[in-house]
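To find a chain, count down the sequence lines: A is the first, B the second, and so on, and within it residues start at 1.
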Amino acid sequence: MSAALEGAVIRPAVTHSRGTTSARRRPSARTESPSSGARVDAIEVSAWFSGVQVLDDVSLSMPPGTVTALIGPSGCGKSTFLRILNRMHESVRGAQLAGEVHLNGEDIYAPGKRLTEARRRIGMVFQKPNPFPAMSIADNVTAGLRLTNRRISRSDRNDLVESCLSRAGLWNEVKDRLGKPGGALSGGQQQRLCIARALAVGPEVLLMDEPCSALDPTSTRWIEETIAELRSELTVVIVTHNMQQALRVSQQAAFFMAEQGAPGGVVERGPTLQLFDNPQDPRTADYVSGRFG
Amino acid sequence: MPRPLSPGLQASDRIFHGTATVIGMSVLAITGAIGAFLGYQSIPTLHHYGLSFFTQSNWQPELNKIGIAAVLVGTVEVALIAMVVSFPLAIMFALFITDYAPKRIKSWLVSAVDLMAAVPSIIYGLWGFFLLQPHAIDLARWLSQHFGWFPLFHVDTDANAAVWQQSRYTSSAFIAGLAVSMMAIPLACAVMRAVFDQAPLGEREAAMALGGTRFGVARIVVLPFARGGIIGGTMLSLGRALGETAAVLIIISPAYLIKIRILEAGTQTISALIAGNFGNATKSQLSALLTAGFVLFVITLVVNTAAALFVRRSRSGASTEI
């Protein structure tokens, strides 16, 4: 599959040059403020687990300040693709990949690029909330700084905790009990705590792997509101099984599918509304109308 | 109102249940019987000497002066030296095996550490005496030269003499402790390895996704999770170190003094006392030795029980059995 990138939101790229997206930046992109997130480009990404190919030539662009939804049935490589974006894929034994992932034009897999730096700049929130249970809520938020051996003063620390918890929509609920253990919160609160923790290290991109699938509808709504607010500062990529959620939160979407016995890939991509109202590919039409999934 | 339920077991289930219960109870019964036997044999000694058995440091049966004060101190010293040496090594081995080693050699490393546990204690004794001691006394001399002002490292001899007295540094609690640590390491390492492996993958991934280094993940996720197992495993190996016999017997030269100068020649532990004096003991001396054995039994039981409780009550211990 060539590196052709379709869809109204992402303008077409040419195959012969990689890593030069800066030369063809959209006009509006030049006026982006630095805080609206980074541009992520996946270029011909393929993945294997112990010799079995699970992703075939996936190319996708995620512009700054947008929410991209990855939708599709189970087992078609959405989560694998997501984990490739922040270099978590290689932590699995027997995992291999091909292709490039560009963060603001620079390949994060280039030799000499630090793994931990890529993961710091591209944060991730997982399906099952995983706060550190033995640590307090405040310590959970700043855990990322401890993990990367960065020190901040006490006052900065308190400001950071308040700022991240506010952005995650959790501040009002926990401001009086910041010293309580992180594991003592409800599922939805834990997930928002994980979002706050991910925000504390200052990422430019936030990846979310089905963040609401283990949560009740109220918590889901809170998190979707959080995603909408984060859009102005970050690029968000969210894997979701819930098509209505994709419609609610994302501006563009990519439909993944894997045929029987074949590796997964992107069947169609474009603005989310267009994908649901007017899908070009019959397989997309079948999926969004619920004929399979 | 809930109703009482009966499982309605089949005959084969009932037979197995009964058999397993009997065998399980017999383990407790055997341990209790050993303790009872030792306690019963201690009665004559404790009756004769009373509490002076615990305060007298000399062991001179011909003068009717018997006491395990010095021996107890020596036992604890050797065990603590073994712990101080083995604890950091066991943690680092276990952490390396679970988090740092390439997957290909991980099983080899596990086998290597477990093999350390399979080596007989007397081999470690011979190793300690013939191979380790000549080098260890150089280290002991260096320590007493530079830190001899601290009572622990002081040795009653001139460390700075041109021809220094080697025999004042041999057969010490320090060298015995080093040899015992080799036996304590695999035990502690095995327990620690088991709990490190159980650190939840979700938390590990969260730490990695935040940009954590491998050491960061270990520090923030693995070690806090495994705290109970670390302490439990250490106490378990302490129990082993307290009762270690063959290696200590070969290395030390018996001396019945209460002293904390671990680098100095001469010390005694309960197990070495029993093993060394068993052969030519009269009936009353035998009772005294068995009393010392009873004391060791009680100490080991307390340490191991405390270890098991600690591990069981901790997060990591919930699924570990020691």
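Residue-environment remark: CZ (R150(A)) exceeds the threshold of 12 foreign heavy atoms within 6.0 Å. Heavy-atom neighbours of F215(B) CZ from other residues, nucleotides or ligands within 6.0 Å: at or below the threshold of 12. Within a 6.0 Å sphere centred on NE2 of H17(B), other residues, nucleotides and ligands contribute 12 heavy atoms or fewer. For K180(A), the NZ atom counts as loosely surrounded, since its 6.0 Å shell holds 12 or fewer non-hydrogen atoms of other residues, nucleotides or ligands.
Between K128(A) and E203(B) there is no salt bridge, since no side-chain nitrogen of the basic residue lies less than 4.0 Å from a carboxylate oxygen of the acidic one.
For L115(A), no part lies near chain B; criterion is any non-hydrogen pair under 4.5 Å. When heavy atoms are compared at a cutoff of 4.5 Å, R121(A) does not approach chain B at all. Contacts of P131(A) with chain B are made by backbone atoms alone, with heavy-atom separations under 4.5 Å and no side-chain atom involved. Heavy atoms closer than 4.5 Å to chain B are found in the side chain of R93(A), but not in its backbone.
To the nearest 0.5 Å, the span separating CG on N86(A) from CE on M208(B) amounts to 9.5 Å. Taken to the nearest 0.5 Å, the CD atom of E205(B) stands 4.5 Å off from the CE atom of M88(A). Once rounded to the nearest 0.5 Å, the distance linking CG of L201(B) with OG of S91(A) reads 8.0 Å.
With contacts defined as side-chain heavy-atom distances shorter than 4.5 Å, the pair I220(B)/M135(A) qualifies. At least one side-chain heavy atom of L210(B) sits under 4.5 Å from a side-chain heavy atom of R197(A).
Contacts with chain B were tallied for L207(A), T148(A), N130(A); N130(A) has the most, counting heavy-atom pairs under 4.5 Å.
Under the 3.5 Å distance criterion, the side-chain polar atoms of R219(B) are matched with a main-chain donor or acceptor of R146(A).
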